[in-house]
Amino acid sequence: MFTKYIGQIIRWRFLVILATFLVTGFMMSQMRHLQVIIDPNQMLPQKHPYVIGTNLAEKVFGSNYVLVVAVAPKHGDIYQPAVLDRVRTISDGLRTLPNVKPETLMSLSAKRAKGIAGNDEGLEVKPMLHGATIDADAIAKLKTAIQRNPIYSGVVVSDARDMATISIAVEKGAKGFTPTLEAAYKLVQPLANNDISVAVSGTPMFVYYVEKYTQRMALLFPIALLLVGLLHFEAFRTWQGFFLPLVTAFLSVLWGLGMMGIAKVPLDAFNASTPILILAVTAGHAVQLLKRYYEEFELAVKNGLAPKAANREAVIRSMSKVGPVMLAAGIVAVIGFLSLMSFEIATIRNFGIFTGLGILSGLIIELTFIPAVRSWLKAPKVRTTKPRFDVLSPVIGLIKRAISPRQFGKIHFAFLLIVIVSAFGLTHLKVENSNKSFFAANLPFQLDDKLINEKMAGTNTLYVVFEGNAHDVIKDPKVLQLIEQTQRFLETQPGIGKTISVVDLLKRMNQAMHADSPAAMSIPASRDLVSQYLLLYSMSGEPADFDRYVDYNYQYANITAFVKHDNSGQIQKVISNTKAFLAQHNDPRIKIYFGGSVPQSTALSESLVNGKLQNVLQIGLVIFAVSLLLFRSLLGALLVVTPLAITALVNFGVMGLTGIPLNTPNAITAPMAIGIGADYAIYLLYRIREELQFHPTLEAAIDSAIESAGRAILYVGTAIGGGYSVLMLSKGFNIHIWSGILIVMSMVVSVATTLLLLPSLIQLLKPAFLLKRMDRKSQTVNVAGTALGTAGSTSGMLMVAAVLGLGTLSLPREAKATSAPADSVMEKNYVANRFTDSTSKATFQLINKNGDRRVRETFGATQMQDNTVDTKRMTRFMSPTDIKNTVILLAEHSDRDDDMWIYMPALKKTRRLTSANKNESFAGTDMSYGDVIGHKVSEWTHKVVGNATIANKPVVMIESLPKDAKVAEQAGYSKRVSWIDEESFLALKTEFYDDGKQLLKVATLSNLVNVDVAKRRWQPMHMEVQNVQTGHKTVIDWYDFKANQGVKGLYFTPRYLETEL
Amino acid sequence: MKPNFKPLLLAACLAASGGAGAAFDNAQFSAVASLGAWSSNRVLDDREGILAPMLSADASVNLTDQLSVRAGGLVYNFAQDEGGSTRSILREAFLQWTGEETQIRAGWQVVAWGRADRINPTDNISARDYTSPQSVDEAQRMGAAMLSVSHDFGNPGRLTLLGKEVKQSRMPNDEAEKNLPMRPDAEQYEYAAKFDHSGDGFDWSLSYFKGLEKPRSLQLMRLADQRIVGVNRGYAELEVFGADAATTLSGWGLRGEIAHMDFPETDFKVNDGRISHWYGITGVETNLPANATIGMQYFFRYFDEDPLLDGVTPAESAVRRKLRIANNQFHQYQDGLTLRIAQRLWNDSVDYEIVGVVNFRDSDYAIRPRINWRYSDSIKLSAGADIYRGKDESFFGSLRKNNVQFAEISYIY
């Protein structure tokens, strides 16, 4: 299906590219609606009782976001004209700022800050600082007023009288709090000098700084882009590797941001990281696809296709192989992120939605635009030189070493230890939200906030709202007593600087009406008296004076507790204690609500605990369900989920151990890491399943999968980790730094668990959903084939089939081996792919049991000798450097010992080698010289032992035994069993048994290419020889194979051997 | 003093190859950087504990199908008490034209002849730097300006003709002997020819060389009345006719080499210098299980005259003893044995070799173990030792100060 689909994409590629540009242009046009805004309301779980209480308090008593400006003389008290003049200037200025509520202004010069005094006519209620000029008389009156009205102490003036504050409620505007705060700073900063300091604080200020610091993403994102690009460049060592994943990612980000613009959902501190995330995830998919593309391209070139045709073939084949996996993994991630829609907190919902849509965009682009572009671009160069030192290769080597069966114990113990330590860390997890904790403590505004909270009652609020069951209930002295008792109780709680309520005003009225007698500082005795005082107050005060304390109908009253911190954990304890206190003083007419800036954080924290667990479980379940569908196996789904579960646990554990709080921004990292990590497990499992078609053992398949998909996973993990590590550069902004640390750490754990734990579990559990493919093949001969065919090699045909092309004999199609005698089949096998001449290049990979890999590149030529049976074969090593230009020349002789020479560039000499020891390793490979030259048919006794099929190819199984001890000794084998393809007569698989009759090696051939259609000559392009006793393996890939081209005789002369290239 | 322009030439050649590499897809470049820890140097002083960094590089490019350029060399630092510690070797820098049957090379080249293992009487063309910190003896060869032409006659074989500038070896005792007067070189250019046959189960060659001996030799300085007045040093004129052969027989490899080393300008009776002689070696080798190889060779020198010390004054005897050592001519017939055991392990990731050489007449010997471990294609670790034993008045005994142990790490690019 994919093949057909991609074929259509390539056919209409220019249309696809045009459509992509049009969509991108449209999305970009919608980005103009994007704004960076922090809306605290969006973060709140609206059904939480504290949020309900806050909303109620805000509705009845005004906004809860209070901006505080402090004026403090550096010497003396505030009763200085310069100080008071600034208080007045700031007070007047704040009223004019955008998005403020002027009527909520509170300061020494505010109209609301009235002094209450008794006189002959009743109550005198006047602003404390009145008059146009601030002279000694005005200051003296102010001192008296403050002394008589302690309600203002700690609120508008510090207890030590060395700081005065001006506060005003602020509403979120269309552009957040930024316009208000920028205007406020513009107002107050010129008023500071060497004698008087001016500081700003309050929740809006912190939100403003979150908005401001969030905009750093504009700088961080390009850096992340560059980093991801460089990491990809390191991985592929091509500029296409640098650009193509970035193009995908960049377009995905544009689309994602465009969608955010269309929906007019603003960027905030949390979804501002969406671009980097989309970039990392989509680039990750692109890397998987690109890596496969390069593999397929090289294969296609090896198969003899011209670069242009090979490019097209590679685009189709890579997409048909990786496309379904990418779709599966991508959909898992998309569903995982979209599942955040169920989150109660709006900003997290937005994050989930747009990350999901961004990744979906990436999938669409990767499935349409990229193949269209790829098929249009010039075909890449086939790498002919040895790659430079690859940073990740040693890591891959370590991984392979670690997942060998001998290391299972260590691996499982290590992960068990990690789980135990993480579980321990989990018990120390701190669930708290604090705006202040988002920033480094040494930032100037943090220091300002600290100073204000030290001197004043506090810049944060806790509301206790009393709701009566009828109008005027609040006027009942019993209720007022309850309010006062609650105030006194609250003031005993840690962090509470002061409380204010209508009771304080009534008590002051009572005192004023009793000639300021200290004894009269109490609640009026009766409801009537309360009503009369309030009436008297209204005669000289203003209607809105009590709005912050009581509603118009006296059904609601509010205690405002000033809190010196914004720690949600600590305020939760205060609220719990207060609830317990109120339970003991229950009044059935009264219902209590808690709210305010700090309880809102508590609400966030409480919802986070449940929400986060719910979210992690939710994404885990989604991944489990999709994996169940993909693999149709419960164990398969569990294998996918296991690494993710460990990642989540480690994520929480590290937070607990390091003291990183679980708060709103950090709450996103675990599901994010899990969503991304799902890709890894799915890619790896798919690849293992695919590799099982070509490898005789599970271990070999895993080894190969680690080298391919595992390497890509490492690229992806490196890219994502590298991208997110940029966030750690956001100095002073803990939201970014925490996210950076947690995501990088999660990537490390995801990659480590996927590449270490998952393979070891697979080897331990041997899951049927993987092995059944192999079993199926075992029934049909234990080897699976590619579309082109897979095979084990045979004795002499191993290298012969590969390095050489021999065979002037053409094999008639009807020469089927099914009924042929064994000797006849083996004779045909011996010459099956001997060409008149050939040249080819090859890559030898020597892989030890630990996964350490050495690569040797060769150029080889073969030429049939005059007797049309024997060949000459030259193999020149082109890399690595220390054996470069070493040349081996073999001249077969049917009637006597073969001639062998080796030219060693270090010696500058050609040496004749003894040829009798054919059991010696050929150039460090798992093949012997005998395997390379070919085991003479006449020296072995052959018999047919069965028929089977390999990769739907009928094969005949032939057992070959040496005719005498000398042959056995020279060959080094006591038996060979060959699976001979009835069409090509190549041995698709060969088992070699040592002199102790134990299985020694298994060789397989694959990617058989019909290089000479007329003569039906086939050439394997891929060979693996696995030494099952040592665990060593040799993998050979051929490319640029050319047969019957008239090879120069020069290649087989000493002069050519000694000519170093 | 002759200006040392080789490093510049090497750099220029490599740069030119690199520049050409930018223009030609087939450009090849490789380099090896190594750092060795050596117990002592190889110049017979008493310096111990030396770090020896070394950088070698090779580059080549095919300009056309027939025309190519190749350059290579190395620079190393190997501390010594006298003389420069940092030295360079230009191994190759030549232009090569390859025809269907003929090949011509012009420029600095290294030529190694002889089918025997390590000891090659017919190998007299390229000089060596015996003082360099290289673990592989053959890598000590130094290039020299040369024009070489080889022509294939097909099955009969290949004829090689070459003419080159004279280039002398660097010897361990160069510094120690620098106060000795220097003889002028008898030749500025050298010539050589070889006809070589490979195949048909039997490889052989005949060769001729006319030029100077590469190691320095010492001679007595006499007045007209034959009174000895001192010793000088120089490079003896040499003419060599040689032959070699190699074949395999069942599981055995057989090889041999013989040459007549004629020193036309020296007369033992007159100047006590180098003595003409026959120099031969023959041996067998076979493979053992597990990729092991063992080889044994017998070698001999038969001098035209016996360098005896009888009938001379004690003073003259003392001087002549020095000459015996310096010129490695102790007995009219001197012979010995080489033994080489090598094995490649773990798919060639580890290999070791132990080479022993013993002179029968004086019972002096050398043992040279080497082991290499290729951690990866890029990183190789090596260790080894040169152990010389024998009485003072023996060839290997005189080299006892050059007993070394070393360990080296190489990064291969």
Side-chain angles (χ1 to χ4, degrees), chain A residues 381 384-386 388-389 393-394 397 846-848 852-856 878-884 889 891 893 896-897 899-901 904 906-917 919-921 923-926 970 972 1027 1030 1032 1034 1048-1050 1053-1061, chain B residues 25-26 28 30-32 58 60 62 68 70 92 96 98 100-101 103 110-115 117 126 136 138-139 141 150 152 154 158 196 198-201 203 246-253 255 285-289 291 293 344 346-349 374-378 380 410-413:
Chain A
K381 280 185 180 176
T384 55
T385 55
K386 186 191 165 201
R388 286 172 289 149
F389 178 69
S393 288
L846 312 182
I847 306 162
N848 71 11
D852 298 328
R853 187 176 299 255
R854 290 188 292 136
V855 181
R856 296 173 172 189
M878 306 304 292
S879 75
T881 295
D882 61 340
I883 61 165
K884 183 181 175 184
L889 177 61
H893 300 296
R896 57 184 170 86
D897 286 343
D899 287 325
M900 289 202 285
W901 294 270
M904 290 171 287
L907 275 58
K908 299 282 178 192
K909 276 185 181 179
T910 301
R911 293 188 64 183
R912 173 180 280 269
L913 297 177
T914 54
S915 59
N917 250 1
N919 59 12
E920 191 174 333
S921 163
T925 67
D926 290 286
Q970 286 192 349
N1027 186 318
T1030 65
H1032 197 277
T1034 299
K1048 291 186 286 188
L1050 174 69
T1053 65
R1055 179 157 63 87
Y1056 177 77
L1057 266 60
E1058 294 166 11
T1059 301
E1060 297 179 22
L1061 303 178
Chain B
D25 286 344
N26 53 30
Q28 306 273 333
S30 59
V32 179
D58 291 278
S60 67
N62 294 335
S68 61
R70 182 170 180 80
E92 293 174 320
Q96 174 176 286
T98 304
E100 192 62 31
E101 294 164 339
Q103 186 177 69
V110 168
V111 173
W113 285 357
R115 285 188 162 85
D117 185 13
S126 290
V136 180
E138 288 76 6
R141 286 193 175 91
S150 69
D152 268 332
R158 173 174 53 145
D196 185 284
S198 293
D200 302 329
D203 303 339
T247 188
T248 55
L249 191 62
S250 188
W252 295 89
R255 57 188 81 247
E285 70 175 15
T286 190
N287 296 325
L288 302 174
N291 292 325
T293 307
R344 292 176 283 118
W346 304 312
N347 291 78
D348 288 7
S349 60
R374 290 166 183 80
Y375 171 72
S376 67
D377 285 339
S378 300
K380 185 173 84 170
S410 302
Y411 177 76
I412 301 159
Y413 176 79

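Nothing here was measured: the structure is a model prediction, and the numbers come from that model. Hydrogens, waters and symmetry mates play no part in the numbers below; they use all other heavy atoms, side chains included. Just so it is clear: chains get the letters A, B, ... in the order the sequence lines come, proteins before strands, and each one is counted from 1.
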Colleague: So, taking the atom named CG in Leu846(A) and the one named CZ in Arg374(B), what distance separates them when rounded to the nearest 0.5 Å?
Modeller: 11.5 Å
Colleague: Can you tell which part of Glu285(B) gets under 4.5 Å to a heavy atom of chain A, answering side chain, backbone, both or neither?
Modeller: both
Colleague: Let's go through Lys909(A) and Glu138(B) carefully: what are the C-alpha distance in whole Å and the side-chain angles of both, what is the deciding distance for side-chain contact (heavy atoms from CB on, under 4.5 Å) to 0.1 Å, and is it a yes or a no?
Modeller: CA-CA 10 Å; Lys909(A) 276 185 181 179; Glu138(B) 288 76 6; over 6 Å; no
Colleague: Any side-chain to backbone donor/acceptor pair from Arg911(A) onto Asp117(B)? Under 3.5 Å, distance only.
Modeller: no
Colleague: To the nearest 0.5 Å, how far apart are CE in Met878(A) and CD in Gln28(B)?
Modeller: 4.5 Å
Colleague: Sort Ser198(B) into side chain, backbone, both or neither according to what part of it lies under 4.5 angstrom from a heavy atom of chain A.
Modeller: both
Colleague: So which residue, Thr1030(A), Asp926(A), Leu1050(A), ends up with the most heavy-atom pairs under 4.5 Å with chain B?
Modeller: Asp926(A)
Colleague: To the nearest 0.5 angstrom, please state how far the OG1 atom of Thr293(B) sits from the CG atom of Leu913(A).
Modeller: 8.5 Å
Colleague: Is the closest side-chain heavy-atom distance between Thr248(B) and Met900(A) below 4.5 Å?
Modeller: no
Colleague: Between Arg912(A), His1032(A), Lys908(A), which residue shows the highest count of heavy-atom pairs closer than 4.5 Å to chain B?
Modeller: Arg912(A)
Colleague: So what's closer than 4.5 Å to chain A heavy atoms on Ser410(B): side chain, backbone, both or neither?
Modeller: neither
Colleague: Short question: side chain of Asp899(A), backbone of Gly199(B) - any donor-acceptor pair under 3.5 Å?
Modeller: no
Colleague: Can you check whether Arg158(B) reaches Glu1058(A) side chain to side chain, under 4.5 Å on heavy atoms?
Modeller: yes
Colleague: Rounded to the nearest 0.5 Å, what separates atom OG in Ser30(B) from atom NZ in Lys884(A)?
Modeller: 4.5 Å
Colleague: Between Leu907(A) and chain B, with a heavy-atom cut-off of 4.5 Å, which part of the residue counts as in contact: side chain, backbone, both or neither?
Modeller: both
